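In what follows, a single structure is set out as structure tokens and then discussed.
Keep in mind that this is a model prediction, so the values were computed, not measured. Letters A, B, ... are given to chains in the order of the sequence lines, protein chains preceding strands, and every chain is numbered from 1.
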Protein chains: 2
Amino acid sequence: MDEPNKTDLDEETLFLVSQTFKALSDPTRIRILNLLFEREYSVNQIAEQLHLRQSTVSHQLRFLKNLRLVKFRREGTTIYYSHDDEHVLNVLHETIQHALHQ
Amino acid sequence: MDEPNKTDLDEETLFLVSQTFKALSDPTRIRILNLLFEREYSVNQIAEQLHLRQSTVSHQLRFLKNLRLVKFRREGTTIYYSHDDEHVLNVLHETIQHALHQ
DNA sequence: TGTGTATATGATTATGTGTTCATATATATC
DNA sequence: GATATATATGAACACATAATCATATACACA
């Protein structure tokens, strides 16, 4: 009962897993998430730090927000983004460390 | 000395990490790798089991082979594929389990 | 209400990706 | 060598994706 359908996966699981990894498959999104390991950042701070356009950052944050990989809080006109998924971000962190030390 | 450059990643690491996750971001590749958790399979066996064209499977296996996520052995004209990367495949397995039990 | 600043969004464009068909290559057997 | 079977490859196509520009929205404050 723990692992239904050993030889193939149902469509919902497949979609969820592929979407999760797709989020982590783009260099820009990886850089953003890696930056957020440290602390929360505003959209403009991310753009400055990583030398990206504001709209690029905003588009990617929307992507990550939709997948609930980041959350945000508002302070005046500034919006601060931070992490929001233990499992996925552990996976990313481990894989980055694995790559750094390979 | 363990984590150089806290706020941004070097290009090589970024490429390796993004490629790794790209491999896991396609439903067909996930299905193939998930199948190979069980045991080794030939190209045609994979195609039959997952209802995919032989050429589709072959193309995707080449992709996975280039990233050293699968290895193969020949037996006559048949080529059997199996897993070849502990870390990445653990990551995949964990994430599938996480999705299945969410 | 008007101005300034931060962020979000829509359209466009260039590039990347996955599947398919047709065919090539490789091995085994007659 | 000819044939059969298993796998690999190349080209073409449809579709997805990321970055960019221009502009819209949201909020703060005079």
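For the pair A:Arg74 and D:dA26, the criterion of a side-chain N or O lying under 4.0 Å from OP1 or OP2 is not met.
Partners of A:Arg29 under the salt bridge (charged side-chain N to carboxylate O under 4.0 Å, His left out) rule, at least two apart in sequence or in another chain, do not exist in this structure. For the side chain to side chain contact (heavy atoms under 4.5 Å, CB included) test, residues two or more places apart in sequence or in another chain that qualify with A:Ala99 are B:Thr13, B:Leu16, B:Val17. For B:Phe15, the ring-ring contact (aromatic ring centres under 6.0 Å, His included) test picks out no residue, with sequence neighbours left out. The salt bridge (charged side-chain N to carboxylate O under 4.0 Å, His left out) search around A:Arg73 returns A:Glu40, A:Glu75, not counting sequence neighbours.
The C1' atoms of five pairs define one axis at each end of the helix from C:dT1-D:dA30 to C:dC30-D:dG1, and these two axes lie 20° apart (to 10°).
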Enumerate, atom names and distances included, each donor-acceptor pair closer than 3.5 Å involving a side-chain atom of residues 77-90 of chain B, sequence neighbours excluded.
{"from": "B:His83", "atom 1": "NE2", "to": "B:Leu33", "atom 2": "O", "distance (Å)": "3.1"}
{"from": "B:Asp85", "atom 1": "OD1", "to": "B:His87", "atom 2": "N", "distance (Å)": "3.1"}
{"from": "B:Asp85", "atom 1": "OD1", "to": "B:Val88", "atom 2": "N", "distance (Å)": "2.8"}
{"from": "B:His87", "atom 1": "NE2", "to": "A:Thr95", "atom 2": "OG1", "distance (Å)": "3.4"}

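Shown for residues 75-82 of chain B: residues whose heavy atoms fall under 4.0 angstrom of DNA chain D, namely B:Thr77, B:Thr78, B:Ile79, B:Tyr81. Shown for residues 58-67 of chain B: residues whose heavy atoms fall under 4.0 angstrom of DNA chain D, namely B:Ser58, B:His59, B:Arg62.
Note that A:Arg39 lies in the cation-pi zone of A:Tyr41, set by a 6.0 Å cut-off to the ring centre and a 45° limit from the axis.
Applying the salt bridge (Lys or Arg N to Asp or Glu O under 4.0 Å) test to residues at least two apart or on different chains, none of the pairs has a partner in residues 44-67 of chain A. For residues 43-64 of chain A, no residue pair satisfies the ring-ring contact (aromatic ring centres under 6.0 Å, His included) rule, not counting sequence neighbours.
In summary, contact between chain B and DNA chain C, defined as any nucleotide atom under 4.0 Å from a heavy atom of the protein, begins and ends at C:dT17 to C:dA28 in the 5' to 3' direction.
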